[in-house]
A.B. asks: 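Structure in structure tokens, see below.
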Amino acid sequence: MVEASRGEIRSSRIRQINKPRSISIIEDKDRKPSFLEYKGNKSKVLKIEDYWLVKDRWWTEQPIYRAYYKVITVHQDILVIYRDLLTNVWYKVNWY
Amino acid sequence: MMGYVELHCHSNYSFQEGASFPHELLVRAKELEYTSLALTDHDNLVASIDFSKTANDMGIHPIIGAEITLEGGYHLTLLAKDNMGYSNLSRIISYAHINNGRISPSVDAELLKKYSGGLIALTGCSRGHIPELLTRGYFDHAQQVLIDYLDTFGSDNLYIEMQQNFIHGDTARNNLLFDIAHQNKVPTVATNNVHYHVQSRHKLNDTLISIKNNLTLDNSHELHRSNDQFYLKSKEEMETLFSSSPESLENTLKIADRCNFNLESDLLYEFPEYITPDGSSVDQYLKKICERSAIQKYGFISEKVKNRLNEELRRIRKHKLSGFFLIYYDIIQMAREVVIELNRGSPLASIIKNPPGRGRGSSVAMLVGYLIGLSHIDPLNYDLGLDRFLPEDLNTVPDIDLDFPRDIREELIKRIHLRYGWEYAALTGAISTYKIKSSFNDVGKTLNIDSHDIKKFVNTLSDRDALKGIELVSDKQYTRKPWVDLLELSVDLIGFPKFLQQHTGGMVISSKPIIDIVPVVPGAIKDRYIMQWDKDSIEQARMIKIDFLALGTLSQMNDILETISSNKKELIDISRINFNDKAVYELIRKADTVGVFQIESAAQMQTSPRLKPVNLEDMAYQVAAVRPGVGVGNGVANFIRRRNGQVWKFDHILEEKPLARTLGVILYQDQVNELGIAIAGFSPKEADQMRRDFAKKSNLQLNKHWKERFIRGAIKNNIPKQTANLIFNKLNGEYMFPEAHAYAFGITAYQMAWLKFYYPLEFYVSLINQQPMGFWSLETIKEDAKRHNIKIMGPDINLSLLKSTINGSNIRTGLLHVKNLGLTNSQMIVADRERGGVFKSLKDVFDRTDLTQEILVSLVDSGAFDSFSHSRRHLRWEIGLYNKAINYQTALPLPIDHEIAKMLHENENEIIVNELKSLGFSPTGHMMKEVRKVIPSEVKTSEDLRGMKNGEKLTTAGFVVRRQHPRSAKSFFFTLEDEYGHIPLVIWESVWELYKNLLRDKLILVFGEISRREGTFNLIVEKVEPVTIDDIDKYENQIVEWR
């Protein structure tokens, strides 16, 4: 039999997983990402493989309006990042 | 510049899947300089005619298509290249519904293959079969489906559809679609899967999807399209999106060029050919029937009849309409059979003397119509001209509407389906649209707002406030979310199509299958088939629609005539009554018109004493005047003043022809067209399109377009621009009666008034038996009968029949009026009474019937057992002592006498309240009589008011029986009822704002000033107070229930 956990379940201990983290991006003249700081390094974006837009939850006090980019860096890292179009802050998503 | 046109475009007729009207899409397409636009609603062609016509008017080439649902739920976009393609599309949609049910249409491969001719197929959105298989990685399977499509449509008619809406997955899917197209040498085409004309409507589209799925926005957001990119994009935007595939843009133009079918000009409809039984020509046969009928009707054919008949038959021949009239003749014969089978008429009575239905509209002017049984009205008696219905230059097929009593109409529709088959005879569709309340309620649910809060909010808005939406809401809480969204979205949603339903009775009969012209789908009622076009589309398609309408007043009229016949042994030919009877016009002028068709509303009652009708022409004015479109610009008041001698002149002499007959006021719908023709030089077709566009919602751009054209045309006619502006501003899109319709209804209104004047007893008993119908509640009808010295007595368990009946000079309420009793129980009571004799006591009723305690209480409350005891309270107590065994064992007949308590009698308040609860009216009295005992003695009655002078101030009180706020008016109109009659109130908007919460109460006390004009009076309300008496809540609850 599995023993009951000694820890008491409390809502304060619940946290969002895969929470997007802000990321530092250098944009080109079209506001697309051209460089990003990742793992302490500044990496050039080699290719934007995909781009999509999300506009959701407009009926709430926290609407979502984001431009997503799937990019490949010169280091061959594949990342999904997005620009929050309401705040203009960039975030990295743990996509894979 | 490559160019682009949109080939995949949904309007709001995709029903909860599109957020723009077709005309909004077209206006935007024009701004974007599109040369063509396709309409591809989901599984329907509902908006196809309106779309085609508006597009043609705007110089845009309309392409008709649909996004159909295949087996497995996959989508496929189909576009009609030519006539055959359009017919096949219509057939595909029809069979998709007929074979799989009206809610879940589905097209199988066999059906698709059978009707693929003349169609171009695009492989669909992300829910297309090929795109979906590719997304899931099944390339080979997708390849097979592509081969099947090629086999079905041919390589010239299939395109791989690519869409880039910036949804995650679009890019990858487009790459795969491009590969499969390339490998199979199939051309690609770009579309944007448009669901709204501008980006801002994406919110409404999301909301509609939530409404469709009956979910909140929170719980359905995975069903929404995840951004706002499904709008009509410019060529430049599309060129940017598809810069790597320019041929997919060029192909949109190539496809548009190949789709040459134009619904407006290429329709295939033909009215059925009539085969005469004796082999003569249709012209000869119609003449023969008419002459035979004329002899039956008049005894001989006078010179006057002969001349008129010859002239009508000449015009009928000229316009090749003999067959058309003979089809109607057949339908009337069929209706006659139904009448006889339903025991509603004698088989011996000829159609000539006793037609089963009656025409409405301008057809009543036809002697031929009168002779073949289409109408009750002899046009020669009333000098009705022929030119309105059958002018020399007639260029459309005339429209004949037939009114029938409800039961006859139901059966007749079934017969026609049977006679012609559903592919050749189908019912007209009707579009249910979002109204103010349903918009707010449905949007409110998606925003998760409590329904009580929505109701409370909606009640604070007048119709006009709701239409103007957020601008008028001053309360701060409504300027925050979610209220701000509720307002914005609900206002946009008003007028949107909700679903397709059956029109009240319109049918189309065709010599070619209707499904080649418009999809036909099963109706909600078994064995009924509905076209996917509403009456306006059918009219625009120049199809001949036969309207079988159920008119409650005809059922009432039939009842009255039958009752007179059985009660007084008098046979009345209602078409041959005196239509110039001064006494009847006096009744109308006194506004003694409760229960009289068309002229019983509070607004009509205010108008008739001022308009003072004296003949049938005036009756037409009377019924036409009180319409929203006439009210705009103070039309009714102007008309009445001018009629009563006020000096006036036209703004321009060219107004004379269209407006002289109505003293310069636009009273009839037809006059909007006539002004367009006379002032702006429009063709009749253009003028009619202008009138239709005025009535459309969100039509600012369209109106601007018409205004420019109107003024341009007027200037060409040498009318100064300022005058042209003045005349254009008189036009509006609010509802008005067509002139002929006003005549037909005016005549019926007069006939009902005649019956009320000469046969009030039969009139009231029929009115009561036909409820619910008309404008007033049973309580108001009862009070009105009382003013005519007719008492409506409550039901009696031993005297009442099922329906109400005449009892001496009074009326005995029928058992069917008792709440909870129903038809079966009522029949059981009557049958048991006939079998076992009268009921002797409550116990006797209990023992001999299966009535539940609840029903027995309802009968006690109605007064049905008053002959057993003077105390209804006592009877209710007694019911509590009886209990039916729940098993089959017979209950022991134990004595209960010792348990019967001596009860106090109920007071009149309680009796009235319980009667209202049980019957919807109180035979005992009026609640106001009781209320008056506890309110200040200076409160005036309606009787007092009648004798008061203009300008006198007073306080009065009563129950609110009607509230109205016409869109064109700046005030609210209420009707108060007390124990003596009615008090009309006028409440200006400023006063309404101050007292709107109190004015929602049922019982109110008001202070105001008498305003008298032209024989009518109103009380102009200045102040409103609540009536504070102890039991008022109890009264109000009951009233709310029965009002």
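Just so it is clear, the values below take in all heavy atoms, side chains as well, and ignore hydrogens, waters and symmetry mates. In what follows, chains carry the letters A, B, and so on, assigned in the order in which the sequence lines appear, proteins first and then strands, with residues in each chain numbered from 1.
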A.B. asks: Distance only, no hydrogens: is a donor on one side chain within 3.5 Å (strictly under) of an acceptor on the other, for T191(B) and Q163(B)?
C.D. replies: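 A donor-acceptor contact under 3.5 Å links the two side chains.
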A.B. asks: So which of D206(B), L447(B), L217(B), D170(B) has the biggest tally of heavy-atom pairs under 4.5 Å with chain A?
C.D. replies: L217(B)
A.B. asks: With a 4.5 angstrom heavy-atom cut-off, which part of D218(B) approaches chain A: side chain, backbone, both or neither?
C.D. replies: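 For D218(B), heavy atoms of backbone and side chain both lie under 4.5 Å from chain A.
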A.B. asks: What I'd like to find out is whether the side chain of V54(A) reaches to under 4.5 Å of the side chain of Y68(A), using heavy atoms alone.
C.D. replies: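 Side chain of V54(A) against side chain of Y68(A), heavy atoms only: contact under 4.5 Å found.
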A.B. asks: Which region of R57(A), side chain (C-beta onward) or backbone (N, CA, C, O), has a non-hydrogen atom less than 4.5 Å from a non-hydrogen atom of chain B, or is it both or neither?
C.D. replies: side chain
A.B. asks: Whether the side chain of T252(B) engages the backbone of L249(B) through a donor-acceptor N/O pair (distance < 3.5 Å, no angle test) should be reported.
C.D. replies: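 Confirmed, T252(B) side chain pairs with L249(B) backbone.
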A.B. asks: Between H75(A) and D77(A), do the side chains contain a donor N or O and an acceptor N or O under 3.5 Å apart?
C.D. replies: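 No, because no side-chain N or O of D77(A) sits under 3.5 Å from a partner of the opposite role on H75(A).
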